[in-house]
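Order of the sequence lines sets the chain letters (A, B, ...), proteins ahead of strands, with each chain counted from 1. Please read all numbers here as calculations on a predicted model, not as lab measurements.
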Protein chains: 2
Amino acid sequence: MRKRATAREVAEAAGVSKWTVIRAFTPGASIAEESKRKVLEAAAALNYTPNLLARSLATNSTNQVAVFVDDFANPQKLPFLETLTERLQAEELVAVLININTHFDHVHALLHADQRQVDAVILFGTAFRSETLSDLQLGRGTPPMFVLARDSQIEGVPAVTCDAELALREIVDHLFERGYRRPGFMTGATVLSTALRRRQHFVDFWKEKGVDGVSVFSAEKYSADAGAEAVRSYLKQTDPADRVDVLMCENDILALGAMDEIRGRFGLRVPEDMAVVGFDNYELCGSSAYSLTTYEQPRQEMVEVIVGMVTGQLEPETVTLPGALIVRQST
Amino acid sequence: MRKRATAREVAEAAGVSKWTVIRAFTPGASIAEESKRKVLEAAAALNYTPNLLARSLATNSTNQVAVFVDDFANPQKLPFLETLTERLQAEELVAVLININTHFDHVHALLHADQRQVDAVILFGTAFRSETLSDLQLGRGTPPMFVLARDSQIEGVPAVTCDAELALREIVDHLFERGYRRPGFMTGATVLSTALRRRQHFVDFWKEKGVDGVSVFSAEKYSADAGAEAVRSYLKQTDPADRVDVLMCENDILALGAMDEIRGRFGLRVPEDMAVVGFDNYELCGSSAYSLTTYEQPRQEMVEVIVGMVTGQLEPETVTLPGALIVRQST
DNA sequence: TTTCTGTTTGCTACCGGGTGCAAACAGGTG
DNA sequence: CACCTGTTTGCACCCGGTAGCAAACAGAAA
């Protein structure tokens, strides 16, 4: 098992200096046709390609972007990751996927990303308090950070999100139009700004319509089971006459779990007895088994904008993009 | 925006040489308590941490593992990615997620991984022909490769998979026991060895039971829609009397799509008119809306084994691990 | 032939660390 | 005090590239 060939070795083989070899591999460098040919031949023979690690060290740019993820329960992450990696790779960048969990928190991860000299950090659906950041005493050499699909709570860290206000307005309009008047909202466990925003808008817009008192309850976490359990305890505790007639869930996974429980264990009909709305438009929402009304985030555009900011083609600033209401049978 | 502090700067601040600084950050290095304290103090003041990029270049090990993924339609990838990144991070390794697609194929990706000097490449659910590898003329300096959750078709590249033979035997035994006698099998589009293996075992085991002639048809790709469409055309073309009484799908996503179509558009009952079996035990399979009988891959163990091989704690060799049949209402 | 200008090439210095050896510095012993 | 041994520290050189300057080499003009 031989090692990779180096520029020096190629230089020797081609009878030139190592700098000429490097020029042959630098687009637009000043090099004679003849020597370029010689070098490329020798390089091909030795199977030489430049070592990106060494290049990164010298140029101070790794072409690597750290992507922090902390919630793998939401299947919506997967298409996002697909789009994100694809766009990054189109820009010659590569994603370093960092799993934020109890053993590896944001501070750890950020330090790590900094030590690896990544060009940028994308907080994909994760967020941390600004104190965490200042704890690090970073913010000087730190790679630029961007938040994707969640509000940024940190000064100077832009976020790219789906327009929650618009989304919730469309949803509430739709529900009002369909005649629902006793709305409920199910949140996930964590007290996240994005979640709070959605809830707040939901409550506010109903108030605008003259409907006060949205029932709000919370699931343990963002999973189908947790959604089911939250609905179960709600339905058990609530007199049938007092029940909501439409339940908006913070994301699709909660909604699907909720729907199962509503129809399965309680034998209620969706949407006749209780309508359900989700958020994200996860693939299976469209299946005839669920046919869930939901709201689609503009994934492609969000990714394009954030990658644009990462590459510097776009000004880094918080951007909210309009999504699309997908009306199905569940409302 | 200052740059990161370097060992040299810390050395100056602490009044020692840069090598002493490095020793202070090298576990087990020979350094006096007193100077270590001085160095660490100075380092803390300057917010110094070693530059992993430079270290990688010098030590010839990046602690990065490239993970190739080419099928983001299967939500099962997500929990696998979660487990994988978690285990890798526990070993001080980090995953570089590479999206294999038409714009960025295996050859490209492998070359890239090699140029970045990753410590290993994990082909997660992807596979390529050995000719592709030899095309590259690599195999000398190339990082060691491992295949996860798919058969390896390449000599010397070990794979960690779920035991397909055992799985299919259990499934067929279960189905036979339940009285099904007209089995069908739905594959995804691609002609993958893993798919072929599953199908072959399925056919073989039925033959052992005295049941010849398994109906086999194929979906366009691995998605719920494709599964639905494949079933639609099958049901349209097949006389009700000739239809299979149980349909095994190559993975859960196909199965869920198939189930939707069977029940929704054709108004058939599952499992009475046609039973359905999936593969993977994706979270939503357990929901009451589907309650799909499926087979769970031993995710945790598979990941542990492959990470063990990556770190060198385990001998690199092809390993198949037993999964578990999950019997639900769909059979 | 000399001079000038533009291209090509080589070189030094550097990116931020790691390795192995040799010198310097202990502390204990004869 | 010389001597030996073990620890600590400094150093030259290396990892594989990149940047920018200066020398060498053209070819054309004077």
Side-chain angles (χ1 to χ4, degrees), chain A residues 2-40 42-43 46-64 111-112 114-119 141 143, chain B residues 2-40 42-43 46-64 111-112 114-119 141 143:
Chain A
R2 252 170 34 236
K3 281 184 51 189
R4 291 172 50 84
T6 72
R8 195 195 321 277
E9 286 163 14
V10 175
E12 235 162 272
V16 295
S17 72
K18 76 165 188 173
W19 296 278
T20 305
V21 172
I22 288 176
R23 285 197 182 91
F25 283 88
T26 310
S30 153
I31 183 174
E33 271 311 312
E34 172 62 11
S35 28
K36 182 163 185 173
R37 193 188 50 70
K38 271 197 307 187
V39 168
L40 291 184
L46 292 171
N47 215 288
Y48 167 82
T49 45
N51 182 328
L52 295 184
L53 203 55
R55 174 178 296 176
S56 295
L57 180 62
T59 59
N60 205 27
S61 93
T62 51
N63 289 342
Q64 293 196 143
L111 179 60
H112 186 89
D114 191 28
Q115 291 193 86
R116 275 199 195 279
Q117 303 273 73
V118 299
D119 291 348
Chain B
R2 253 176 26 242
K3 282 186 49 192
R4 292 171 50 83
T6 72
R8 195 195 321 278
E9 287 163 15
V10 175
E12 235 162 88
V16 295
S17 70
K18 76 162 188 174
W19 296 276
T20 306
V21 172
I22 289 177
R23 286 197 182 90
F25 283 89
T26 309
S30 153
I31 183 173
E33 271 310 312
E34 171 62 11
S35 28
K36 182 162 187 172
R37 193 188 50 70
K38 271 198 306 190
V39 168
L40 291 184
L46 291 171
N47 215 290
Y48 167 81
T49 46
N51 182 329
L52 294 185
L53 202 55
R55 174 178 294 177
S56 296
L57 181 61
T59 59
N60 204 27
S61 94
T62 51
N63 288 341
Q64 293 196 142
L111 179 60
H112 185 90
D114 191 27
Q115 287 187 263
R116 275 201 195 279
Q117 303 274 72
V118 299
D119 291 348

Please work out if [X] contacts a base, only the sugar-phosphate, or nothing of the nucleic acid, heavy-atom cut-off 4.0 Å.
| X | value |
| --- | --- |
| B/Ser30 | base |
| A/Phe25 | nothing |
| A/Ser35 | sugar-phosphate |
| A/Ile22 | base |
| B/Leu57 | base |

In whole angstroms, how far is the [atom2] atom of [N] from the [atom1] atom of [X]?
| X | N | atom1 | atom2 | answer |
| --- | --- | --- | --- | --- |
| B/Leu53 | C/dG18 | CG | C1' | 14 Å |
| B/Lys38 | D/dT9 | NZ | C1' | 11 Å |
| A/Arg4 | D/dG16 | CZ | C1' | 10 Å |
| B/Asn60 | C/dG18 | CG | C1' | 12 Å |
| A/Arg55 | D/dC15 | CZ | P | 19 Å |
| A/Gln117 | C/dG16 | CD | P | 8 Å |
| A/Leu46 | D/dG16 | CG | P | 14 Å |
| A/Leu52 | D/dT18 | CG | C1' | 13 Å |

- Message: When you measure only distances, ignoring hydrogens and angles, does the side chain of A/Lys18 come within 3.5 Å of the base of C/dG10 through a donor and an acceptor?
- Response: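 Answer is no: no donor-acceptor pair is held.
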- Task: Using heavy atoms to find the nearest nucleotide of DNA chain D for A/Arg8 and A/Ala58 separately, return the residue whose nucleotide is more 5′.
- Result: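 This one resolves to A/Arg8.
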- End-to-end bend of the helix from C/dT1-D/dA30 to C/dG30-D/dC1 (five-pair axes, 10° rounding)?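 The angle separating the two end axes equals 70°.
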- Among C/dT9, D/dT18, D/dT8, the nucleotide that comes nearest once only the side chain of B/Ala32 is considered: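 So the side chain of B/Ala32 is nearest to D/dT8.
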- Mind checking what makes side chain to side chain donor-acceptor pair (under 3.5 Å) contact with B/Arg37, not counting sequence neighbours?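 If we apply the side chain to side chain donor-acceptor pair (under 3.5 Å) test to B/Arg37, skipping adjacent residues, the hits are B/Glu34, B/Glu41.
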- Check whether any side-chain nitrogen or oxygen of A/Thr6 sits under 4.0 Å from OP1 or OP2 of D/dG17, and answer yes or no.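 Answer is no, no contact under 4.0 Å.
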- Is a side-chain donor or acceptor of B/Gln117 paired with a backbone partner of B/Leu57 at a separation under 3.5 angstrom?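 Not confirmed, B/Gln117 side chain does not pair with B/Leu57 backbone.
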- From B/His112 atom NE2 to A/Leu52 atom CG, the distance as rounded to the nearest 0.5 Å: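 Between B/His112 NE2 and A/Leu52 CG, I get 6.0 Å after rounding to 0.5 Å.
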- Message: What I'd like to find out is whether the side chain of B/Asn63 reaches to under 4.5 Å of the side chain of B/Arg55, using heavy atoms alone.
- Response: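 A side-chain contact under 4.5 Å is absent here.
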- Contact state string [nucleotides 20-26 of chain D, B base, S sugar-phosphate only, - no protein heavy atom under 4.0 Å]: B------
